[in-house]
Amino acid sequence: NEIVGLGASPKTGYHLAGFSVKDANDRDVPVNNNEFTMPNSDVTVTASFTPIITSYKISFFTTGGGTVPSEPVEAKAGETVDLSRFTATPSAGYEFVGWKVFDGSYNEISVTNNTFTMPSSNVTLRADFKEKQSYAVAVDTSITNGTVKVDKSSAKAGDTVKVTATPNQGFEVDKITVTNDKTHETVPVTGNTFTMPDADVTVTATFKQATPAATYSVGLGEITGGGEIVVPQGKLAVGATVKLEIRPDQGKVLKEIVVT
């Protein structure tokens, strides 16, 4: 029973996974340390090879308008790389457009559903940004009973725009409305500000008659001890300052005033 040694030469990029040996009846012949004992029949030897999986670097850069990861990462050749793993942060006034992927020879690699297949080389990811477009902020010219001003005549999507609505005398602000000129939808207004959408907008406001403030009169009760008090005539609004004129008789001084 002769011992047979086995050897194989893998192609570049592969390594030997192992051998299998079958006798003439297609039965397995044990292989140990790439050797087997020759049975009493012809045999068939099969060598198995598998690709060598090597990791390569993924680096990042941008031509401006934002920031990208500063440290490279690694992925194995053949691995599916999901670009959503990586963060590209736009600078103020810019927005992220997308990633471009290049191999070690700076050939562009196809991206499908925001993923690409890692090649057998280092890869560079370029983050592309673009400056946000400015949109017009218009004020309705048919506003009555007051005026409306905005702090910007144009703004980029995401900017905060302040609205100042000033009622005419006898009126008060009823409602401030901002309309998206592209979709004709109402843009939410919080207090007197709104966030600019990616479209021109029109700002308007309605004013209503102001509710008259409640007024009250000041009356006099019993005065004792000698003297008089002069109170304002007519009606006074809530919160008004009331001035009293105290006139004690000769030889008298004010002891106290009680308001009820």
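The figures here come from the full heavy-atom set of this structure, side chains too, leaving out hydrogens, waters and symmetry mates.
When atom types are taken as modelled, the side chain of Asn192 and the backbone of Thr164 share no donor-acceptor pair closer than 3.5 angstrom.
In summary, the side chains of Thr202 and Asp181 do present a donor paired with an acceptor at a separation below 3.5 Å, with no hydrogens or angles considered. Looking only at atom types and distance, the side chain of Asp82 has a donor-acceptor partner in the side chain of Ser84 under 3.5 Å away. Side-chain contact of Thr179 with His184: a donor-acceptor pair under 3.5 Å is absent, judged by distance alone.
Using a cutoff of 4.0 Å between basic side-chain nitrogens and carboxylate oxygens, Asp128 and Arg126 are scored as salt-bridged. Ion pairing between Glu131 and Lys156 holds under the 4.0 Å rule for side-chain N and carboxylate O. We find that Glu228 and Arg247 are joined by a salt bridge, their nearest charged nitrogen and carboxylate oxygen being less than 4.0 Å apart.
Note: Phe102 and Tyr106 have parallel aromatic rings, judged against thresholds of 30 and 60 degrees for the angle between ring planes.
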Go through Phe207 and Val173 one step at a time and tell me if the side chain to side chain contact (heavy atoms under 4.5 Å, CB included) criterion holds. CA-CA 5 Å; Phe207 300 90; Val173 178; 3.8 Å; yes
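Within the 4.5 Å cutoff, no side-chain heavy atoms of Trp99 are placed close to those of Val111. Side-chain contact between Ile257 and Ile246 is present, with heavy atoms from C-beta onward closer than 4.5 Å. No side-chain heavy atom of Lys11 sits under 4.5 Å from any side-chain heavy atom of Phe49.
Within 6.0 Å of CG in Asn40 there are 12 or fewer heavy atoms belonging to other residues, nucleotides or ligands.
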